[in-house]
Undergrad: 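First the structure, which I've put down as structure tokens, then a few questions once you've had a look.
Being a predicted model, the structure only gives us computed values, none of them experimental.
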Amino acid sequence: MKKFLLFASFLLLTACFDMNTSGSSTPAASTTVSNVYTSQFPEVPIPMLMEPDPKNSLTTVNSTGEKLGRENFKGNMEASNLAAHMVQNLTSQSWSLIGSVQGEKTLQLYQKDSRYLVIFIEAGTFNTTMQVWVVNHLNNFSLPAQGNDPFNFGDTPAFQSAPINDNFNDFGANSVFSE
């Protein structure tokens with residue numbers, strides 16, 4: 001009888017171990033192309049494993065009715081898989097991949113019509129974060145003529161500043177910096 005209980009316990013432990021190892025690979029296999037949703041930007045498919053982070057997102061609508069801004073996501077997805085997923089799904093949505101850099105952090109730049117899309121992916125200790133930026137394309141943008149001096153942008157100042165009053169003390173009358 002003891003041999004039977006020992007054998008049954010062994011079979012039960014083996015079955016539990018097999019179920020545990022096969023269950024751990026299931027989430028990775030479930031991240032397929034069809035397993036996406038759209039959030040703030042309708043033409044940007046997001047994997048179901050990535051959840052929106054609304055308190056760190058900011059979107060607006062431009063004059064032509066297109067949504068622009070930044071949306072943040074976080075989730076339990078490997079960064080390299082997320083990067084590959086974004087390339088595959090964004091190109092299927094007619095976004096043209098202009099350039100990318102992949103390493104510890106991944107940056108992807110896309111263009112479509114009059115918009116740019118920037119994807120920034122960063123792997124963390126417990127989850128992966130992703131920023132999705134959609135911005136307008138700047139038409140006819142050029143810097144002012146510089147001439148020979150790279151720091152001379154013509155007569156227009158780069159910023160406006162108030163004149164400095166030499167008698168003004170930002171630190172107060174009792175400051176160690178007062179005269």
Side-chain angles (χ1 to χ4, degrees), residues 19-146 149-154 156-161:
M19 286 191 308
N20 188 23
T21 58
S22 65
S24 64
S25 64
T26 304
S30 68
T31 56
T32 61
V33 175
S34 62
N35 199 7
V36 297
Y37 69 98
T38 57
S39 190
Q40 293 292 322
F41 306 113
E43 297 174 325
V44 180
I46 305 296
M48 294 297 281
L49 293 175
M50 300 300 291
E51 298 176 7
D53 183 9
K55 77 175 192 179
N56 291 317
S57 300
L58 175 65
T59 58
T60 187
V61 178
N62 69 4
S63 59
T64 62
E66 297 172 325
K67 278 199 172 182
L68 305 171
R70 180 191 75 210
E71 189 171 16
N72 289 2
F73 299 88
K74 59 184 172 182
N76 190 15
M77 190 170 183
E78 188 177 325
S80 60
N81 288 343
L82 178 58
H85 175 90
M86 296 308 290
V87 169
Q88 183 177 7
N89 286 305
L90 289 170
T91 54
S92 72
Q93 293 289 323
S94 300
W95 288 96
S96 299
L97 180 63
I98 296 173
S100 69
V101 177
Q102 189 162 344
E104 291 181 19
K105 299 175 183 177
T106 299
L107 179 73
Q108 299 173 347
L109 177 62
Y110 298 86
Q111 182 179 10
K112 181 178 184 180
D113 301 329
S114 63
R115 293 169 295 155
Y116 287 114
L117 170 66
V118 179
I119 304 289
F120 181 73
I121 300 170
E122 185 173 7
T125 304
F126 298 108
N127 58 29
T128 299
T129 59
M130 177 174 67
Q131 292 182 13
V132 175
W133 292 77
V134 178
V135 296
N136 273 339
H137 181 268
L138 299 174
N139 293 328
N140 301 326
F141 177 76
S142 63
L143 289 173
Q146 296 178 0
D149 185 0
F151 299 105
N152 180 8
F153 290 100
T156 307
F159 59 90
Q160 299 290 332
S161 64

Undergrad: Assess whether side chain to side chain contact (heavy atoms under 4.5 Å, CB included) is satisfied between Met86 and Met130, documenting all intermediate values.
TA: CA-CA 11 Å; Met86 296 308 290; Met130 177 174 67; 4.0 Å; yes

Undergrad: Whether the Asn89 and His85 side chains hold a donor-acceptor pair (N or O, under 3.5 Å, no angle test) is what I'd like checked.
TA: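 There is such a pair (donor and acceptor under 3.5 Å, judged by atom type) between the side chains of Asn89 and His85.
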
Undergrad: Rounded to the nearest 0.5 Å, what separates atom OH in Tyr110 from atom CG in Leu97?
TA: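 These two atoms lie 5.0 Å from each other.
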
Undergrad: I need the minimum non-hydrogen distance between Glu71 and Ser57, along with the two atoms involved.
TA: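 Glu71 and Ser57 have their closest heavy atoms at CA-OG, 3.4 Å.
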
Undergrad: Supply the atom-to-atom distance Ile98 CD1 to Leu109 CG, rounded to the nearest 0.5 angstrom.
TA: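 Between atom CD1 of Ile98 and atom CG of Leu109 there are 4.5 Å.
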
Undergrad: Within the side chain of Trp95, is there an N or O that forms a donor-acceptor pair under 3.5 Å with the backbone of Glu43?
TA: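 Flag set: sc Trp95 to bb Glu43 pair under 3.5 Å.
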
Undergrad: Write down the atom of Leu90, the atom of Pro45, and the distance for their closest heavy-atom approach.
TA: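 That would be CD2-CD, 3.8 Å.
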
Undergrad: About how many Å separate CG of Asn72 and CH2 of Trp133, when rounded to the nearest 0.5 Å?
TA: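 Nearest 0.5 Å value for the CH2-CG distance: 8.0 Å.
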
Undergrad: Compare every heavy atom of Thr59 with every heavy atom of Arg70, then report the nearest pair and how far apart it is.
TA: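 Heavy atoms only, the tightest pair is O-CG2, 4.0 Å.
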
Undergrad: Mind checking the CE-OG1 spacing from Met77 to Thr129? Nearest 0.5 Å is all I need.
TA: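 Output value for this atom pair is 13.5 Å.
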
Undergrad: Which pair of non-hydrogen atoms, one from Ala79 and one from Ile121, has the smallest distance, and what is that distance?
TA: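 Smallest heavy-atom distance, with atoms named: CB-CG2, 4.0 Å.
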
Undergrad: For Phe41, what residues pass the ring-ring contact (aromatic ring centres under 6.0 Å, His included) criterion, not counting sequence neighbours?
TA: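 Listed in chain order: nothing, the list is empty.
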
Undergrad: Does one side chain, of Gln111 or Ser96, offer a donor that lies under 3.5 Å from an acceptor on the other?
TA: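 Note: Gln111 and Ser96 side chains miss the donor-acceptor criterion.
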
Undergrad: Nearest 0.5 Å, what's the CG-CD distance between Leu49 and Glu78?
TA: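 These two atoms lie 12.0 Å from each other.
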
Undergrad: Under the criterion side chain to side chain contact (heavy atoms under 4.5 Å, CB included), I'd like the reasoning laid out for Gln93 against Val44: C-alpha separation, chi angles, the key distance, then a yes or no.
TA: CA-CA 8 Å; Gln93 293 289 323; Val44 180; over 6 Å; no

Undergrad: Within a radius of less than 6.0 Å around CG of Asn62, do more than 12 heavy atoms belonging to other residues, nucleotides or ligands occur?
TA: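 Count over threshold, so yes.
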
Undergrad: When rounded to the nearest 0.5 angstrom, what is the spacing between CD in Glu66 and CG in Asn136?
TA: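 It is 6.5 Å, given to the nearest 0.5 Å.
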
Undergrad: Given the rule in the side chain to side chain contact (heavy atoms under 4.5 Å, CB included) test, do Ile119 and Leu117 qualify, once you have shown the distances and angles that lead to the verdict?
TA: CA-CA 7 Å; Ile119 304 289; Leu117 170 66; 4.1 Å; yes

Undergrad: Charged N to carboxylate O below 4.0 Å: is that the case for Glu51 and Lys74?
TA: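 No, no charged N to carboxylate O under 4.0 Å.
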
Undergrad: Donor-acceptor check, side chain of Asp113 to backbone of Arg115, threshold 3.5 angstrom: yes or no?
TA: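 A pair under 3.5 Å: no.
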
Undergrad: Which heavy atom in Pro42 sits nearest to a heavy atom in Thr38, and how many Å separate them?
TA: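 Reported closest heavy-atom pair: O-CG2, 3.2 Å.
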
Undergrad: Checking Phe73 against Val132 for the side chain to side chain contact (heavy atoms under 4.5 Å, CB included) test, could you report, in this order, the C-alpha distance in whole Å, the side-chain angles of both residues, the deciding distance, and whether it holds?
TA: CA-CA 8 Å; Phe73 299 88; Val132 175; 3.7 Å; yes

Undergrad: Testing the basics here: between Tyr37 and Pro47, what is the closest heavy-atom pair and its distance to 0.1 Å?
TA: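 For Tyr37 and Pro47, the tightest heavy-atom pair comes out as CE2-O, 3.4 Å.
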
